[in-house]
Amino acid sequence: MFKVDAVEGDVDRFVMARRLLGRNLYRAACYLTDGLLIDTGIPLLCGKIEKALSGKPLSAIVNTHAHEDHMGANAVLQKGRRVPIFAHEKALPVLSDPGKLSLLPYQKLFFGEPAPSTGKPIGASIRTERHTFKVIRTPGHSSDHVALFEESRGWLFSGDAFIGGNDRVFREGYDILEMTKTLRKLSSLGAGVMFTGMGNVVRNPARQIDRKVSYFEETSHRIGKLHREGMAPPEIARRLFPGDFTVRLVTLGDFTAVKLVQSFLRASGEL
Ligand SMILES: [Zn+2]
């Protein structure tokens with residue numbers, strides 16, 4: 001699946017997913033506004049991304065973080081369009097050597113491996129002809145994550161700092177303390193529209209972000225209670241989040257409910 005549409009003002013959305021057994025799996029999105037491309041999508045679809053951008057002005061790229069589904073067309077666009085790529089300083093070594101991602105088989109199958117590209121450290125803001133984007137450091141989903149906020153328009157490009165739904169599984173590297181702090185920071189911006197890394201365009205996002213923070217707080221409370229009653233993380237995971245078998249199987253144990261439980265217990269100092 002690959003779709004381009006105008007979603008707000010001069011913002012174009014490129015939303016894509018690999019199809020497997022007739023279903024769209026693992027959506028990813030990039031956004032183009034005033035010549036700035038925010039994220040570059042799935043490596044296996046980089047040809048489509050390049051084609052969809054041909055004829056459109058492109059002056060710079062920002063990667064919200066160095067996960068494979070956000071930097072897929074970096075190399076092809078850098079070579080073909082000669083544009084600078086900006087990212088968090090921790091993301092830069094991964095951009096130049098994507099082997100550092102140590103991708104698992106499911107990631108190679110769904111996304112493919114990104115080719116190396118050269119990034120520059122992102123500053124406090126990014127300017128285009130019409131817009132100024134404040135760079136907001138948003139660790140938690142990954143430690144190299146940034147979001148962009150166009151204050152005068154109220155636009156927030158949140159990458160994967162906000163992922164909708166109630167999480168039942170986590171992968172290695174998710175830091176629930178930082179994720180929650182980041183969500184509070186994003187909520188307090190007072191954005192009018194949030195553009196997420198999975199392609200959702202959320203109006204007045206504070207409510208949804210606050211709901212997510214409440215879910216994390218309730219989950220932390222429930223996990224802590226069971227742990228204090230003597231339950232070990234695998235037991236707590238089975239009790240609160242049964243049915244993570246398929247995701248565990250497909251991701252070869254990358255995403256599990258036990259990792260979620262452990263992350264919450266570590267955050268509250270109970271592990
Ligand atoms: Zn990510």
Side-chain angles (χ1 to χ4, degrees), residues 14-18 26-32 36-46 49-50 53 58 60-81 83-126 133 135-149 156-163 170-176 178-179 181-182 185-186 195-199 251 254-255 259 263:
F14 301 70
V15 63
M16 63 202 80
R18 293 270 289 148
Y26 297 105
R27 263 160 49 124
C30 10
Y31 299 93
L32 179 70
L36 177 70
L37 182 67
I38 300 160
D39 285 329
T40 68
I42 294 172
L44 285 168
L45 300 177
C46 69
I49 300 162
E50 188 186 25
L53 283 164
L58 183 64
I61 291 171
V62 167
N63 293 128
T64 56
H65 61 303
H67 277 166
E68 64 284 359
D69 50 333
H70 294 258
M71 56 190 268
N74 272 21
V76 71
L77 292 173
Q78 186 158 57
K79 191 158 174 265
R81 305 292 295 266
V83 289
I85 299 173
F86 298 98
H88 190 291
E89 56 277 10
K90 281 190 187 170
L92 304 180
V94 184
L95 262 51
S96 54
D97 177 13
K100 287 193 164 65
L101 287 167
S102 307
L103 295 181
L104 294 165
Y106 85 94
Q107 292 168 308
K108 290 185 188 170
L109 174 72
F110 291 135
F111 304 126
E113 287 183 275
S117 57
T118 307
K120 298 179 180 185
I122 198 164
S125 65
I126 293 270
F133 299 87
V135 175
I136 300 168
R137 298 194 169 236
T138 44
H141 173 81
S142 61
S143 61
D144 65 353
H145 202 290
V146 294
L148 297 184
F149 184 45
L156 172 62
F157 295 88
S158 55
D160 284 345
F162 173 89
I163 294 178
F170 268 17
R171 78 193 271 197
E172 210 61 59
Y174 282 15
D175 181 332
I176 183 61
E178 293 289 349
M179 281 163 94
K181 266 194 235 164
T182 279
K185 199 193 280 184
L186 293 183
F195 306 89
T196 77
M198 293 180 93
T251 67
D254 191 26
F255 278 89
K259 284 183 186 167
S263 179

For this session: In sequence, state the C-alpha distance, the side-chain angles, and the governing distance for Leu37 and Val62, and then conclude on side-chain contact (heavy atoms from CB on, under 4.5 Å).
Result: CA-CA 6 Å; Leu37 182 67; Val62 167; over 6 Å; no
For this session: Test Phe14 against Tyr31 for ring pair (Phe, Tyr, Trp, His ring centres under 6.0 Å), laying out the working first.
Result: CA-CA 6 Å; Phe14 301 70; Tyr31 299 93; 8.6 Å; no
Problem set entry | Stepwise side-chain contact (heavy atoms from CB on, under 4.5 Å) check, Ile163 with Thr196 | CA-CA 7 Å; Ile163 294 178; Thr196 77; over 6 Å; no
Exercise. Going through the checks in order, is the salt bridge (Lys or Arg N to Asp or Glu O under 4.0 Å) test met by Glu113 and Lys100?
Worked result: CA-CA 11 Å; Glu113 287 183 275; Lys100 287 193 164 65; over 6 Å; no
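Within the 3.5 Å criterion, the main-chain N or O of Leu53 finds a donor-acceptor partner in the side chain of Arg81. Checking side-chain atoms of Asp39 against main-chain N and O of Met71 turns up no donor-acceptor pair under 3.5 Å. Although no hydrogens or angles enter the test, the distance criterion places a donor-acceptor pair under 3.5 Å between the side chain of Thr182 and the main chain of Glu178. Within the 3.5 Å criterion, the main-chain N or O of Ala66 finds a donor-acceptor partner in the side chain of Asp144.
Screening residues 117-126 for side chain to side chain donor-acceptor pair (under 3.5 Å), with sequence neighbours left out, gives Asn74-Ser117.
Taking both residues in full, the closest heavy atoms of Ser158 and Leu186 are given as CB-CD1, 4.4 Å, listed atom of the first, atom of the second, then distance. Smallest separation of non-hydrogen atoms from Cys30 and Gly41: SG-N, 3.8 Å. Between Pro114 and Leu103 the shortest heavy-atom distance is CD-CD1, 4.2 Å. Across every non-hydrogen atom of Leu44 and Leu109, the tightest pair is CD1-O, 3.6 Å. Between Val15 and Arg27, the shortest heavy-atom contact is CG2-CZ, 4.1 Å. Scanning both residues, Pro43 and Gly112, for their nearest heavy atoms gives CG-O, 3.4 Å.
Atom NZ of Lys259 sits about 9.0 Å away from atom CZ of Arg171, to the nearest 0.5 Å. The CZ atom of Phe86 lies 11.5 Å from the CG atom of Asn63; values are rounded to the nearest 0.5 Å. The structure places OG1 of Thr40 at 9.5 Å from CG of Asp69, a figure rounded to the nearest 0.5 Å. One finds the OG1 atom of Thr138 at 13.5 Å from the CZ atom of Phe162 (value rounded to the nearest 0.5 Å).
Taking a 6.0 Å sphere around NZ of Lys185, one finds it holds more than 12 heavy atoms contributed by other residues, nucleotides or ligands.
Here the side chains of Leu36 and Ile126 are in contact, with some heavy-atom distance below 4.5 Å. Looking only at side-chain heavy atoms (C-beta outward), His145 and Pro139 stay at 4.5 Å or farther from each other. Looking at Leu92 and Pro121, their side chains come closer than 4.5 Å, going by heavy atoms from C-beta outward. Side chains of Leu156 and Leu148 form no contact here, defined as non-hydrogen atoms less than 4.5 Å apart. Residues His67 and His141 meet the side-chain proximity criterion, which asks for heavy atoms closer than 4.5 Å. The shortest distance between side-chain heavy atoms of Phe170 and Met179 falls below 4.5 Å. Between Leu95 and Ile85, the closest side-chain pair of non-hydrogen atoms falls below 4.5 Å. Contact annotation: the side chain of Val83 never approaches that of Gln78 to less than 4.5 Å [non-hydrogen atoms, C-beta and beyond].
For Val76, the side chain to side chain contact (heavy atoms under 4.5 Å, CB included) criterion is met by Cys46, Glu50, Ala73, not counting sequence neighbours. Remark: His70 pairs with His65 by the ring-ring contact (aromatic ring centres under 6.0 Å, His included) rule, at least two apart or across chains.
One side chain, Tyr106 or Asp254, offers a donor N or O that lies under 3.5 Å from an acceptor on the other.
Aromatic pair Phe149/Phe133: ring centres not closer than 6.0 Å.
A perpendicular orientation is assigned to the rings of Phe255 and Tyr174, their planes being inclined by more than 60° (bins at 30° and 60°).
Salt bridge Glu68/Arg18: absent, no basic N to carboxylate O contact under 4.0 Å.
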